[in-house]
Amino acid sequence: MSRHVQVTFDAHDPRALSCFWREVLGYVHPAPPGVDLPAGADPLAAWDEFLARIGVPPEQRNSRSAIEDPAGHGPRLFFQQVPEDKVAKNRVHLDVRAAPGLSGEERMAALEAEGDRLVVLGATRVRRHEPAPPMENGFIVMADPEGNEFCLD
């Protein structure tokens with residue numbers, strides 16, 4: 001039997017980092033418990049109202065955040081606030097499939113275009129690995145706004 005997976009990120013600013021990854025993956029912020037959001041409603045505003053209503057102090061309202069795949073297929077991403085900085089290369093990273101079915105220069109051009117889009121959102125480009133068939137299709141290493149490395153693959 002397979003298991004569902006949640007990927008957890010340590011973060012200084014969970015809300016901002018969840019917003020970045022929401023845009024990278026096409027995910028959504030879920031509604032607060034027991035809240036039905038009308039179409040077009042801002043889930044983050046709903047969370048602000050929910051947390052205020054249940055008495056969470058303002059200084060604790062950015063201690064966690066989450067995003068989910070709207071189709072329900074991908075893992076949930078959870079972001080938790082931690083005081084310490086990232087000090088070394090992460091041992092687990094995400095590979096974002098940004099060029100499915102493409103190869104060669106067409107693949108690398110699609111990865112470059114996605115990398116450019118993510119830089120505008122706050123990512124940093126780290127390095128490019130060229131295709132080396134038959135074992136390597138090529139990829140671009142990026143870092144999110146808090147320095148977590150991931151690959152555009």
Side-chain angles (χ1 to χ4, degrees), residues 1-100 107-108 110-129 136-153:
M1 180 169 98
S2 67
R3 305 209 186 263
H4 293 279
V5 173
Q6 172 175 282
V7 178
T8 300
F9 286 74
D10 289 348
H12 285 292
D13 187 344
R15 184 179 198 146
L17 198 56
S18 71
C19 288
F20 170 81
W21 281 102
R22 177 192 67 208
E23 296 302 316
V24 171
L25 300 174
Y27 273 35
V28 297
H29 285 97
V35 174
D36 286 325
L37 289 179
D42 179 0
L44 294 177
W47 273 102
D48 290 340
E49 293 168 14
F50 175 80
L51 294 172
R53 187 172 66 250
I54 65 170
V56 174
E59 67 275 7
Q60 293 178 13
R61 293 183 192 162
N62 190 24
S63 63
R64 56 189 56 95
S65 188
I67 57 174
E68 298 173 345
D69 177 354
H73 301 296
R76 180 178 193 261
L77 301 186
F78 179 72
F79 303 84
Q80 63 185 3
Q81 192 171 51
V82 297
E84 66 273 2
D85 289 330
K86 178 181 173 294
V87 295
K89 182 182 185 299
N90 38 308
R91 300 280 305 254
V92 175
H93 70 264
L94 302 183
D95 288 338
V96 178
R97 305 288 188 202
R107 172 187 171 78
M108 296 311 291
L111 297 180
E112 289 288 353
E114 181 64 359
D116 291 346
R117 182 181 81 88
L118 300 183
V119 165
V120 170
L121 296 174
T124 303
R125 182 188 170 109
V126 177
R127 67 187 160 280
R128 175 178 162 145
H129 291 262
E136 182 56 61
N137 292 324
F139 60 96
I140 298 174
V141 180
M142 306 286 292
D144 73 16
E146 292 203 15
N148 301 300
E149 289 187 7
F150 63 98
C151 292
L152 294 177
D153 185 13

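In what follows, residues are counted from 1 in the order of the sequence shown.
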Trainee: Tell me, please, which residues at least two apart from Asp95 pass side chain to side chain donor-acceptor pair (under 3.5 Å).
Mentor: His93
Trainee: Any non-hydrogen side-chain atom of Ile140 less than 4.5 Å from a side-chain atom of Cys151?
Mentor: no
Trainee: Find out whether Leu152 and Leu118 are in side-chain contact, i.e. whether some heavy atom of one side chain is under 4.5 Å from a heavy atom of the other.
Mentor: yes
Trainee: Of all the heavy-atom pairs spanning Pro30 and Ala66, show the shortest one and how long it is.
Mentor: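 Of all heavy-atom pairs spanning Pro30 and Ala66, the closest is CD-O, 3.3 Å.
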Trainee: Parallel, tilted or perpendicular: which fits the ring planes of Trp21 and Phe9, with parallel below 30° and perpendicular above 60°?
Mentor: tilted
Trainee: Any side chain to side chain donor-acceptor pair (under 3.5 Å) pairs touching residues 66-75, not counting sequence neighbours?
Mentor: Glu68-Arg76
Trainee: Return each pair, listed once, that meets side chain to side chain donor-acceptor pair (under 3.5 Å) where at least one residue sits in residues 28-47; pairs must be two or more places apart or across chains.
Mentor: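 Only Ser18-His29, Arg22-His29 qualify under side chain to side chain donor-acceptor pair (under 3.5 Å).
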Trainee: Ignoring hydrogens and angles, write down the donor-acceptor pairs under 3.5 Å from the side chains of residues 119-127, residues two or more places apart or on other chains.
Mentor:
| unit_1 | atom_1 | unit_2 | atom_2 | d |
| --- | --- | --- | --- | --- |
| Arg125 | NH1 | Glu112 | OE1 | 2.5 |
| Arg125 | NH1 | Glu112 | OE2 | 3.2 |
| Arg125 | NH2 | Glu112 | OE2 | 3.0 |
| Arg127 | NE | His129 | NE2 | 3.2 |

Trainee: Mark yes or no for whether Lys89, through its side chain, and Arg91, through its backbone, hold a donor-acceptor pair below 3.5 Å.
Mentor: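 Not confirmed, Lys89 side chain does not pair with Arg91 backbone.
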Trainee: Write down the atom of Arg61, the atom of Leu51, and the distance for their closest heavy-atom approach.
Mentor: O-CD1, 3.8 Å
Trainee: Any side-chain heavy atom of Cys19 sitting closer than 4.5 Å to one from Leu44?
Mentor: yes
Trainee: Determine the minimum heavy-atom distance between Asp10 and Asn148, stating which atoms define it.
Mentor: O-ND2, 4.5 Å
Trainee: By side-chain contact (heavy atoms from CB on, under 4.5 Å), which residues pair with Val28, not counting sequence neighbours?
Mentor: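 Applying side-chain contact (heavy atoms from CB on, under 4.5 Å) to Val28 gives Pro70.
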Trainee: If the condition is side chain to side chain donor-acceptor pair (under 3.5 Å), which residues does Asp13 pass it with, not counting sequence neighbours?
Mentor: Asn62
Trainee: Show your working on side chain to side chain contact (heavy atoms under 4.5 Å, CB included) between Gln81 and Leu17 and close with a plain yes or no.
Mentor: CA-CA 10 Å; Gln81 192 171 51; Leu17 198 56; over 6 Å; no
Trainee: I need the Phe139 CZ to Arg107 CZ distance, nearest 0.5 Å.
Mentor: 9.5 Å
Trainee: Evaluate the side-chain proximity of Glu146 to His12: yes if any heavy-atom separation is below 4.5 Å, no if none is.
Mentor: yes
Trainee: Could you tell me if the side chain of Ser65 sits less than 4.5 Å from the side chain of Phe78, heavy atoms only?
Mentor: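 Phe78 does not reach Ser65 side chain to side chain.
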Trainee: With the side chain counted from C-beta on, respond yes when Phe50 and Val56 share a heavy-atom pair under 4.5 Å apart, and no when they do not.
Mentor: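 They are not in contact (no side-chain heavy atoms under 4.5 Å apart), so the answer is no.
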Trainee: Counting C-beta onward and ignoring hydrogens, is there a side-chain heavy-atom pair between Leu25 and Phe20 closer than 4.5 Å?
Mentor: no
Trainee: Specify the closest pair of heavy atoms between Tyr27 and Leu77, including all atoms of both residues, with the distance to one decimal.
Mentor: CE2-CG, 4.4 Å
Trainee: Quick one: does Asp153's side chain have a donor or acceptor within less than 3.5 Å of a partner on Val96's backbone?
Mentor: no
Trainee: Which atoms form the tightest heavy-atom contact between Met108 and Asn137, and what is the distance?
Mentor: SD-O, 4.1 Å
Trainee: Should Leu111 and Met142 count as side-chain neighbours, where that means a heavy-atom distance under 4.5 Å?
Mentor: no
